[in-house]
Amino acid sequence: MAVYLITGIGGFIGSSLAHELLRRGQQVRGVDNFSTGRRENLAQILNQIDFREADILDLDAMKLACDGADYVLHQAAIPSVPKSVLDPVGSNRANVDGTVNVLVAARDAKVKRVIYAASSSAYGDTPTLPKHERMTPDPISPYAVAKLASERYMISFYRCYGLETVALRYFNIFGPRQDPSSPYSGVLAKFITQMLSGQQPTMFGDGEQSRDFTYIDNAVEANLLACTAPAAQVAGKVFNVATGRRITLNQTFKLLQKLTSYSGSPVYAAERGGDIKHSLADISHAEQHLGYKPEVDFEEGLRRTVDWYRSQSKAAGA
Ligand code: UD2
């Protein structure tokens with residue numbers, strides 16, 4: 001049994017990792033300051049994990065958290081393009097300074113490996129699709145710059161200190177437990193909850209932007225594979241975590257109309273600053289070196305996610 005430290009364990013991805021690791025009989029430790037994470041996400045597992053309420057900006061707390069950990073899954077972040085455009089200093093603090101702290105603590109505690117939640121936003125709006133890891137990054141928003149900087153810190157700590165690190169470039173992860181309530185929430189969490197409650201969603205731009213939306217189970221699997229894959233294949237490297245398919249927001253809206261029985265149309269508004277138009281991953285590098293294969297496709301993921309939000313609203317109304 002290994003000890004996994006999850007930063008941002010109260011978040012959507014962090015809590016999903018915790019649930020799966022417990023299901024596999026592993027020992028889970030977690031930190032969160034609940035700036036974007038939610039206590040509800042941990043309600044069912046709080047008595048099975050070693051939880052410490054702490055900020056990744058607190059180096060001493062990170063050193064204590066890393067002590068005795070085998071793996072660190074670094075998910076804590078302020079994950080939003082528009083929020084970073086409004087507050088680049090806050091974005092940099094959480095998304096870069098916080099990462100350096102986690103790396104220093106992990107290095108000093110001699111953990112076996114650190115897996116990092118990097119972002120597809122690093123690619124920017126370059127016209128070439130699909131995006132592959134050998135492409136020169138061209139981040140647009142402060143969030144994208146911060147995620148790329150942290151990714152480079154991962155690689156730096158491998159090169160300078162021999163700390164094994166793996167950066168996973170997530171492509172628009174979605175699924176149960178994603179917070180729909182903030183103006184900065186991911187589009188699918190927002191659209192699904194709005195449509196289930198009969199509210200009209202807002203589409204920023206013409207709706208023809210496309211994304212390689214990736215169901216959470218695929219991201220969880222990628223993290224666990226990244227912990228165990230041979231170091232020679234993965235340490236100090238970057239991998240796309242996606243499905244290798246893209247869909248426009250307009251097409252997604254139509255699928256959601258069927259799944260939620262929402263018959264209205266979206267309202268179209270101005271394009272969001274810092275946004276990129278199209279996103280699609282080449283996942284061959286992850287397939288080859290991590291043994292990654294997206295097991296849940298977009299449509300199935302969307303069905304599961306709609307079912308989950310529906311069950312939540314029923315439970316809340318009961
Ligand atoms: C970026 C990253 C993603 C992850 C995420 C963290 C890209 C391609 N993806 O996601 O991997 O790191 O940041 O937040 O950079 N939208 C609407 N209406 C809404 C909300 C959003 O139309 O109510 C649009 C938005 O303008 C964008 C698309 O939906 O074009 C997706 O937005 P998002 O915030 O869900 O995710 P995105 O692509 O910024």
Side-chain angles (χ1 to χ4, degrees), residues 8 11-14 36-37 74-87 91 94-95 116-126 128-131 135 137-151 167-175 178-195 199-216 218-219 222 238-243 245-253 256 265-281 283 298 302 305:
F12 153 55
I13 300 178
T36 57
H74 178 36
Q75 312 296 311
I78 298 184
S80 165
V81 168
K83 203 168 184 177
S84 77
V85 173
L86 283 174
D87 179 17
S91 170
N95 298 332
Y116 176 57
S119 168
S120 64
S121 58
Y123 290 109
D125 227 354
T126 48
T128 312
L129 293 176
K131 310 290 188 197
M135 287 169 70
D138 188 18
I140 296 174
S141 63
Y143 166 75
V145 171
K147 281 279 156 179
L148 180 63
S150 281
E151 193 182 288
L168 301 177
R169 278 189 188 160
Y170 294 160
F171 279 66
N172 290 76
I173 312 299
F174 73 99
Q178 190 168 26
D179 179 9
S181 64
S182 145
Y184 308 110
S185 297
V187 67
L188 295 182
K190 278 174 82 180
F191 278 15
I192 293 170
T193 49
Q194 286 165 341
M195 291 165 85
Q199 293 164 41
Q200 187 177 35
T202 301
M203 196 90 84
F204 299 130
D206 61 5
E208 285 306 297
Q209 64 266 53
S210 59
R211 293 291 183 269
D212 189 336
F213 288 113
T214 304
Y215 187 65
I216 180 67
N218 301 320
V238 175
F239 296 94
N240 288 342
V241 172
T243 64
R245 284 181 52 208
R246 72 187 165 110
I247 184 162
T248 67
L249 273 197
N250 285 325
Q251 288 167 329
T252 305
F253 185 84
L256 285 178
S265 52
V267 60
Y268 287 86
E271 205 173 293
R272 222 173 52 174
D275 247 11
I276 73 158
K277 189 78 184 174
H278 299 297
S279 180
L280 171 69
I283 56 171
F298 175 63
L302 208 55
T305 308

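Note that ligands are numbered from 1 as they come in the structure, with each ligand's atoms numbered from 1 the same way.
- Annotation: ring pair (Phe, Tyr, Trp, His ring centres under 6.0 Å) contacts of Phe12 (sequence neighbours excluded): none.
- In this structure, Tyr143 has no ring pair (Phe, Tyr, Trp, His ring centres under 6.0 Å) partners at least two apart in sequence or on a different chain.
- Side chain to side chain, Lys131 and Thr126 meet the donor-acceptor criterion of an N or O pair below 3.5 Å.
- The closest donor-acceptor contact from the side chain of Asn95 to the backbone of Ile78 lies under 3.5 Å.
- Near ligand 1, Pro79, Ser80, Val81, Ser119, Ser120, Ser121, Tyr143, Tyr170, Phe171, Asn172, Gly186, Val187, Lys190, Phe191, Thr202, Met203, Phe204, Gln209, Arg211, Leu249, Arg272, Asp275, Ile276, Ser279 each place a heavy atom less than 4.0 angstrom from the ligand.
- Side-chain atoms of Ser279 and Asp212 include no donor-acceptor pair closer than 3.5 Å.
- Partners of Phe253 under the ring pair (Phe, Tyr, Trp, His ring centres under 6.0 Å) rule, at least two apart in sequence or in another chain, do not exist in this structure.
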